[in-house]
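Beneath this line is the structure, given in structure tokens, with notes to follow.
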Amino acid sequence: MISVIGLYGFSDYRSNQRKIDKISINFLGDNNLFIDEASVNKLLIQNYGSVKNRTKEQLVLNTIEKVIQSNDMVKKAQIYFTVDGKLISKIVQRKPIGRIESASKFYLDDVGKRMPLSKHHSARVPIITGKITGKTLEDAYTILNYINADDFLRKNVIGIHVEEEGSYQLRFRMENFVVNLGGVDNLNEKFKNFMAFYAKATKDNSLEKYAVVSLEFNNQVVCTKI
């Protein structure tokens, strides 16, 4: 028994003394990179020093994970060693769902938090303009979540304009009219009414006649012609 324990201990010691000869950085999910491999390596060097050619026992995985997750583009990072001396990093990026264009320019991510723009990639997401406040960003997040859950809306809504709190306009990719949504109350009913209007107007070839489509009033769609 003592000899077996000794062998295990020796094996563990040799494993800990093995030097890291390769670093593998893998980005999971979307291929659109808001942070690249070179940026991750630079982040590690700046905050932790050189990782390559150091032994396993010199490296603290939790610390490396925290360093990578400190980047504003990173949602989650998982770090582990392989038996052949590789340091594997699996990184999940944050996901933007809207882009704010105001005095400050930034993304709104899929958990409703501000996310800086990236020099590596520009996301194709709806543009949010107008009076940007904490409350209107919360409402925009609610609207975007509803839009992203619907295939037609996700493909066609390209912008949200904030006139003021509780007053939001939508802009569509292929249409000239704007949609006055009002507030974020009763979104399911509002969009159900809109889809019924849109289907009928498409059938009648009358979409180009409208400048404004209002969903602000209970259970009805009010249109203003050009």
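Excluded from the calculations below are hydrogen atoms, water molecules and symmetry mates; all remaining heavy atoms, backbone and side chain alike, are included. Here the structure is a predicted model, which is why all the values come from computation and not from measurement.
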Next on the checklist: Looking at N186 and E189, would you say the former's side chain and the latter's main chain have a donor-acceptor pair under 3.5 Å?
Outcome noted: no
Next on the checklist: Parallel, tilted or perpendicular: which one describes the rings of F177 and F172, with boundaries at 30° and 60°?
Outcome noted: tilted
Item to check | N145 and T142: side chain donor to acceptor below 3.5 Å | outcome: no
Next on the checklist: Please find the pair of heavy atoms, one from I68 and one from L43, that lie closest to each other, and give the distance.
Outcome noted: CA-CD2, 3.7 Å
Checklist entry - Do the side chains of S24 and L87 get nearer than 4.5 Å, heavy atoms only? => result no
Item to check | Gap separating the CD1 atom of I91 from the CE atom of M73, nearest 0.5 angstrom | outcome: 13.0 Å
Next on the checklist: Would you say that V178 contacts V213 through its side chain, given a criterion of any heavy-atom pair below 4.5 Å between the two side chains?
Outcome noted: no
Checklist entry - Closest heavy-atom contact between L28 and K90? => result CD1-CB, 4.1 Å
Next on the checklist: Please determine whether side chain to side chain contact (heavy atoms under 4.5 Å, CB included) holds for the pair Y210 and T224, giving the CA-CA distance in whole Å, both sets of side-chain angles, and the decisive distance to 0.1 Å.
Outcome noted: CA-CA 6 Å; Y210 302 110; T224 302; over 6 Å; no
Checklist entry - If you round to the nearest 0.5 Å, how far is CG of D72 from CD of Q93? => result 13.0 Å
Checklist entry - Hey, does M115 have a side-chain heavy atom less than 4.5 Å from the side chain of P96? => result yes
Checklist outcome for this item: In short, Y141 meets G112 closest at the heavy-atom pair CE1-N, 3.2 Å
Checklist entry - Measuring from S102:OG to I132:CD1, what's the distance to the nearest 0.5 Å? => result 5.0 Å
Item to check | Euclidean distance, K192 NZ relative to L187 CG, rounded to 0.5 Å | outcome: 14.5 Å
Next on the checklist: Walk me through whether F81 and I88 qualify under side chain to side chain contact (heavy atoms under 4.5 Å, CB included).
Outcome noted: CA-CA 6 Å; F81 297 120; I88 307 295; over 6 Å; no
Item to check | Verdict with reasoning, L181 to K190, per side chain to side chain contact (heavy atoms under 4.5 Å, CB included) | outcome: CA-CA 8 Å; L181 185 64; K190 288 177 179 179; 4.1 Å; yes
Item to check | Minimum side-chain heavy-atom gap H120-F34 below 4.5 Å | outcome: no
Item to check | Side chains of S122 and R99, donor plus acceptor under 3.5 Å | outcome: yes
Item to check | Pairing of K75 and D109 as salt bridge, 4.0 angstrom limit | outcome: no
Item to check | H161 NE2 to N180 CG distance, which is reported to the nearest 0.5 Å | outcome: 10.0 Å
Item to check | Salt-bridge criterion met for R94 and D110 (N-O under 4.0 Å) | outcome: no
Checklist outcome for this item: In short, V221 meets L215 closest at the heavy-atom pair CG2-CD2, 3.8 Å
Item to check | Y80 side, atom OH; I64 side, atom CD1 - distance, nearest 0.5 Å | outcome: 13.5 Å
Item to check | V179 side chain near V212 side chain, heavy-atom distance below 4.5 Å | outcome: no
Next on the checklist: Could you tell me if the side chain of I79 sits less than 4.5 Å from the side chain of S89, heavy atoms only?
Outcome noted: yes
Checklist entry - Linking I/L/V/M/F/W/Y whenever their side-chain heavy atoms sit closer than 4.5 Å, directly or via other members, would L170 and V184 fall into one cluster? => result yes
Item to check | Joint hydrophobic cluster, L207 plus M195, side-chain heavy atoms closer than 4.5 Å | outcome: yes
Item to check | Minimum heavy-atom distance between L137 and L108, given as atom pair plus value | outcome: O-CD2, 3.9 Å
Checklist entry - If you count the non-hydrogen atoms of other residues, nucleotides and ligands that lie under 6.0 Å from CG in D204, is the total more than 12? => result yes
Checklist entry - Quick one: do V157 and V125 end up in the same hydrophobic cluster if we chain Ile, Leu, Val, Met, Phe, Trp and Tyr together by side-chain heavy atoms under 4.5 Å apart? => result no
Item to check | Linked, directly or transitively: L117 and V74 (ILVMFWY side chains, under 4.5 Å) | outcome: yes
Checklist entry - Quick one: do the N188 and Y146 side chains pair a donor with an acceptor below 3.5 Å? => result yes
Next on the checklist: With a 4.0 Å cut-off on N to O distance, would you call R173 and E175 a salt bridge?
Outcome noted: no
Checklist entry - Passes side chain to side chain contact (heavy atoms under 4.5 Å, CB included), Y107 versus I97? Steps please. => result CA-CA 7 Å; Y107 290 122; I97 61 173; over 6 Å; no
Checklist entry - Between D150 and R154, is the closest basic N to carboxylate O distance under 4.0 Å? => result no
Next on the checklist: If you compare all heavy atoms of A140 against all heavy atoms of I160, which two are closest, and at what distance to 0.1 Å?
Outcome noted: O-CD1, 4.2 Å
Checklist entry - Under 30°, 30 to 60°, or over 60°: which ring-plane class applies to F191 and F194, parallel, tilted or perpendicular? => result perpendicular
Checklist entry - More than 12 heavy atoms of other residues, nucleotides or ligands under 6.0 Å from NZ of K203: is that the case? => result no
